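Just so it is clear, the model here is predicted, and its values are computed rather than measured. Every chain is numbered from 1, with letters handed out A, B, ... down the list of sequences.
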Amino acid sequence: MTTPSTYVLVHGAWHTGAELEPTAQHLRAMGHAVHCPTLAGNRPGDDRATTGLEDAAQSLAAYLDQHQLQSVRLVGHSYGGMVISRVADLRPTRLARLVYVNAFVPEPGQCLNDLVPPHYTALFDAIAAQSHGSVMLPFPVWREAFINDGSLALATQAYEKLNAHPYKTFQDPIELSQPMAACAIPKSYVNCVEDTALPQSLGWHPRLSERLGLFRYVECSGSHEVWFTNPQAIAQAIDQAGRD
Amino acid sequence: MTTPSTYVLVHGAWHTGAELEPTAQHLRAMGHAVHCPTLAGNRPGDDRATTGLEDAAQSLAAYLDQHQLQSVRLVGHSYGGMVISRVADLRPTRLARLVYVNAFVPEPGQCLNDLVPPHYTALFDAIAAQSHGSVMLPFPVWREAFINDGSLALATQAYEKLNAHPYKTFQDPIELSQPMAACAIPKSYVNCVEDTALPQSLGWHPRLSERLGLFRYVECSGSHEVWFTNPQAIAQAIDQAGRD
Amino acid sequence: MTTPSTYVLVHGAWHTGAELEPTAQHLRAMGHAVHCPTLAGNRPGDDRATTGLEDAAQSLAAYLDQHQLQSVRLVGHSYGGMVISRVADLRPTRLARLVYVNAFVPEPGQCLNDLVPPHYTALFDAIAAQSHGSVMLPFPVWREAFINDGSLALATQAYEKLNAHPYKTFQDPIELSQPMAACAIPKSYVNCVEDTALPQSLGWHPRLSERLGLFRYVECSGSHEVWFTNPQAIAQAIDQAGRD
């Protein structure tokens, strides 16, 4: 039994907080208070053409303020790693720990596109050019490389919940006062071992995790979309990663 | 419950289809139709000195024809990856998916020996020179690096089922119309995480799996010879890898 | 059920044999005879300023002699890998197998410090300069990178059992008659997959394990300090690694 704590789960690209609710329920059953906000850019009315990374981060900082959250274990998934890294700079005193779940860890001035293979950037560039600056993930990539541990039925249901993502958030360089390795907030990295959303040769761990300096490593079975395929497993991993 | 499908399991070097039968039984219990043919070169009367890679592939293609198989999930283990890659060229319309299980993925014109460490090639060259062109795996290598998760008793029983392998199939360059990454048939890669038949520094995944282009990744516990040590686990992994 | 055998478990830096007792109990329940000696340098009255690697190895060799142990499965954890490598040279006829558990595998003439990242050496140099040649592991490193799978309570309890380690044992070059790959004693490597005591980019497996030549690979869940967090799991892995 871990000490009841406050968790804020920050979704990745194409998602909203609603998709993290099944995982939040498992964490709540352990006694934690859990929030799943949706970032600016992924909400129904948001302008996909103009919303950038700083907008997303400011919306998360504002959420922490509005709910007066303290000692937060701030969990970022995938693109959410960009956002929590920035919020660690914006609201350090509200945070007890940063937890990256197969998430991007930028160096100061990098954008998400700097951290993915060129074939992804080329694919997204082409899609965004035809979609007024928003991008969707093609279903075959989603099904094979993101939710590889799910059935076709689950992969299809989950895909229908996704929303077009503002591409500017992938292109904006992040503003960070220091490398994350120098950030004094304790940090953890959860690695889902079947995650092939990034190729292993340019992957999550150890390539990005080791940018955190001293960090706690936790493994979880499952794919990049374990939120859909095994919310109980990822909740347990987050509990291990997020505790003191 | 996955949709009942047709699976053809293609054994590796030194094996026959019979050694895959325990795994096939687990897949049949899930509702699938499963075939375990033995490739040309590994059958009792086959000439170990002259049977080559194309002979093995043609024997598999002929098997698919004779049984009029359609929408096949074609699963290749180890050396079997060479054979299913060639059959993807020979009988593309019979195949629904290619599933590589710690299997070789060649580029056009490569032979299996191009994909293994030099110390294996040197070992096999020496054995073949003394055995009329066939090779056996020395027991210590088998026990420590192939079936490392089994007891000595199981390792010994399994070794007694192996057959001398026609070395020409390791030396023949494969004929492929295109790199496997360009092949339009859906592809999966199952990685048994304790497999040390290849050293990890020149290993199965991601070195060979990422040659498939877009592919589905599935992990399984166990060694290269999980067919003997945990047929249920590898059957479940194949079911996850082979479904749509 | 494996054949009852004799195991000697050799602790890592900062530990004594007592911390391996819960694991030993699980191995004894399988029928094995298990010894957990404490190496010279880590015993209460030992001189932390002058005890070196050869002293530690000689104390282990003397232990095997005193108890007239034969056909020993000699298990070394972490720094213990240095010690068992030397004992394989000193008492080869007493040993049935060497089992490395996330342990150092030196080349002849290397010291432990040659095998760790420069930031560890710098950290330990600074600590030893202020502590009369002994080193302790700072608690934050222990909690995040060594016992990452434990609760804070367990991490704290376990830390209180550690003892200051004689730094000379990290600096002394090992005397080996041959590379471990050439050593004729059978060898195994157990890899705890959440072990981040070494960064993965300069890690245990395959970097150090593949120095063993032909070896048996066994995976275990858990961190570098699985002796505290999951003694049953590491006992099962050692049983698989240590059997014939």
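Atom CD of A/Q25 has more than 12 neighbouring heavy atoms from other residues, nucleotides or ligands inside a 6.0 Å radius. The environment of A/H119 atom NE2 is dense: over 12 non-hydrogen atoms of other residues, nucleotides or ligands sit within 6.0 angstrom.
Between the A/R243 side chain and the C/G150 main chain, a donor and an acceptor come within less than 3.5 Å of each other. With C/E194 contributing its side chain and A/E219 its backbone, the two residues share a donor-acceptor pair below 3.5 Å. With C/Q200 contributing its side chain and A/H205 its backbone, the two residues share no donor-acceptor pair below 3.5 Å. When atom types are taken as modelled, the side chain of C/R143 and the backbone of A/R216 share no donor-acceptor pair closer than 3.5 angstrom.
Looking at every heavy atom in both residues, C/A145 comes nearest to A/L214 through CB-CD1, 4.1 Å.
When each of C/T196, C/D149, C/L152, C/V193 is checked for heavy-atom pairs under 4.5 Å with chain A, C/V193 comes out on top.
Contacts between C/S151 and chain A at a heavy-atom distance below 4.5 Å involve backbone atoms as well as side-chain atoms.
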